[in-house]
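Inspection log for the structure reproduced underneath, given as structure tokens.
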Protein chains: 2
Amino acid sequence: MQALRTAAALFYAKGVRAVGMEEIVETSGIAKTTIYRHFPTKDALVEAFLKQEDAEFWQQWDAAVASASSADAVLDALGDWIGARVERPGYRGCPQINVAAEFADPGHPARIVARRHKAEMLRRLEAICQSVGAKPTAQVAMQLALLIDGAFMSDGRLSMGDAAATLKAAFRRLTSPDRL
Amino acid sequence: MQALRTAAALFYAKGVRAVGMEEIVETSGIAKTTIYRHFPTKDALVEAFLKQEDAEFWQQWDAAVASASSADAVLDALGDWIGARVERPGYRGCPQINVAAEFADPGHPARIVARRHKAEMLRRLEAICQSVGAKPTAQVAMQLALLIDGAFMSDGRLSMGDAAATLKAAFRRLTSPDRL
DNA sequence: AAAAAACGATACCGATCGGTAGCGTGTTTG
DNA sequence: CAAACACGCTACCGATCGGTATCGTTTTTT
């Protein structure tokens, strides 16, 4: 669906509520009727947008981590990847969090996708913390998750320094198995 | 302005774009004419909302930190305060970040307030890192900022464990002046 | 008590919102 | 070749959007 790709780009760049269906029609060249044949409501389109973002996210995550040999190397690779992602021109924060900010209803279909996305991230971070031997596994994983989400929502502040270096240094300190 | 208080509550609970002026009128009992005499546009009202949130935030921050004697005690106090804040019922993330997610234009008056707010936070964290002797001062301050923003936007995930404990442990590890 | 400022109520504005109906044109599938 | 399907186009729907005009009433100030 070319309509979904266009909608996703507009939703991310301008915010979901700021983009009307007509704008998606004009930008994509797809008729409004056709869009509504594939997605019964705008909410469904937003949900599809987040699902697509989720899929691409883990795809890139896996690619970034693929060549890492050790668990520590995985963390470094993640730091590099996230740093580069945040510094990308046009980056405007985590789409899952952005949508959650726009739609207050926790039962909104898109919110459910966002929650699953963040749960999956925590799950993966816990696995990493496990193999790296970080002390209270669950707690350190949560700390890494907070750090990453904070990086996503830093609104360019992080880009002023070396984002990747900042993240990797924090990853190392938080996962180091030394003393209290 | 009672209208601002009502608007602030609605904006935070439902999202700015989800709240119409008419809803503010009905909820506050203030006539629409009166609101527009004090705030020329809705954007101005949103800006005032964030300015008010900013003021209250630092007021509470200062209060939370007031009784701390050492620099380390300041960090612990912040961890406790943020942990309690995030776990509060009806908490829906940092209003500054939420508004930034809703309004893509970086020049929006509310976005400027949000940027100043985050710059002020980084400034304060740098001062704390300075007095606690954290190694690359600016970098550690940024790491603390990311952690805090991540906590704000954790959407309840953090509340499932002990939020304050998770934050304080991370604060300690990130600011500890030891090796590497 | 008089003048000035603030407020409330109603009615309205054009624009846009998400969503639908109807109809014609291709394009695939059998 | 024919039947089914997918798409585009136009026009339209009621509702709501942010914002304004008008006017009478209340409250404050002097």
Side-chain angles (χ1 to χ4, degrees), chain A residues 1-52 95 98-114, chain B residues 1-52 95 98-114:
Chain A
M1 309 302 115
Q2 186 62 25
L4 176 55
R5 285 196 60 84
T6 302
L10 289 174
F11 283 163
Y12 182 70
K14 301 188 170 189
V16 173
R17 284 200 134 104
V19 174
M21 287 296 137
E22 317 248 22
E23 187 175 356
I24 298 176
V25 169
E26 290 160 10
T27 306
S28 68
I30 312 292
K32 191 188 277 192
T33 321
T34 306
I35 299 180
Y36 275 98
R37 272 194 203 104
H38 293 290
F39 308 96
T41 63
K42 187 187 182 184
D43 285 339
L45 188 54
V46 177
E47 179 189 13
F49 157 53
L50 283 198
K51 278 184 178 172
Q52 179 183 263
N98 284 345
V99 169
E102 288 201 76
F103 296 91
D105 177 16
H108 189 292
R111 289 289 302 274
I112 297 175
V113 175
Chain B
M1 307 303 112
Q2 186 63 26
L4 177 55
R5 286 196 58 87
T6 302
L10 289 174
F11 283 162
Y12 182 71
K14 301 188 171 188
V16 172
R17 283 198 136 105
V19 175
M21 287 295 137
E22 317 249 21
E23 186 175 357
I24 299 176
V25 170
E26 290 160 7
T27 308
S28 67
I30 311 292
K32 190 188 277 193
T33 321
T34 306
I35 299 180
Y36 274 97
R37 273 195 202 102
H38 292 291
F39 307 97
T41 64
K42 188 188 181 184
D43 285 339
L45 187 56
V46 177
E47 179 189 11
F49 157 53
L50 284 198
K51 279 185 177 172
Q52 180 184 264
N98 284 345
V99 168
E102 286 201 77
F103 296 92
D105 177 16
H108 190 292
R111 289 289 302 273
I112 297 175
V113 175

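Owing to the predicted nature of the structure, the values given are computational and were not obtained by experimental measurement. In what follows, every chain begins at residue 1, and chains take the letters A, B, ... in the order their sequences are listed.
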Quiz item: Got more than 12 heavy atoms from elsewhere within 6.0 Å of CE, A:M1?
Solution: no

Quiz item: Nearest-Å distance, CD (A:E26) to C1' (D:dC9)?
Solution: 14 Å

Exercise. Taking the side chain as every heavy atom from C-beta outward, state whether A:V99 and A:V113 have any atom pair closer than 4.5 Å.
Key: no

Quiz item: Rounded to the nearest Å, what distance is computed from the CE atom of residue B:M1 to the C1' atom of nucleotide C:dA6?
Solution: 10 Å

Quiz item: Are A:F11 and A:N98 side-chain neighbours, meaning at least one heavy-atom pair lies under 4.5 Å?
Solution: no

Exercise. Please list, chain by chain and in numerical order, all residues satisfying salt bridge (Lys or Arg N to Asp or Glu O under 4.0 Å) with B:E26, sequence neighbours excluded.
Key: none

Quiz prompt | Side-chain donor/acceptor of A:E102 to backbone N/O of A:V16, under 3.5 Å | solution = yes

Throw together a table of side-chain donor-acceptor distances under 3.5 angstrom for residues 32-41 of chain A, partners on residues two or more places apart or in other chains.
from  : atom 1 : to    : atom 2 : distance (Å)
A:T41 : OG1    : A:D43 : N      : 3.4
A:T41 : OG1    : A:A44 : N      : 3.1

Self-check item: With sequence neighbours excluded, residues passing side-chain hydrogen bond (donor to acceptor under 3.5 Å, both in side chains) with A:R17
Solution: none

Exercise. Please determine if a side-chain N or O atom of A:T34 lies less than 4.0 Å away from the OP1 or OP2 oxygen of D:dG8.
Key: yes

Quiz item: Tell me, for nucleotides 9-21 of chain C in 5' to 3' order, what letter each nucleotide earns: B for a base near a protein heavy atom under 4.0 Å, S for only sugar-phosphate near one, - for neither?
Solution: BB------SSBBB

Quiz prompt | Counterpart residues, side-chain hydrogen bond (donor to acceptor under 3.5 Å, both in side chains), relative to B:E23 (two or more places apart) | solution = B:K14

Quiz item: If an axis is fit to five pairs at each end of the helix from C:dA1-D:dT30 to C:dG30-D:dC1, what is the angle between the two, to the nearest 10°?
Solution: 30°

Exercise. Please determine if a side-chain N or O atom of B:H38 lies less than 4.0 Å away from the OP1 or OP2 oxygen of C:dC7.
Key: yes

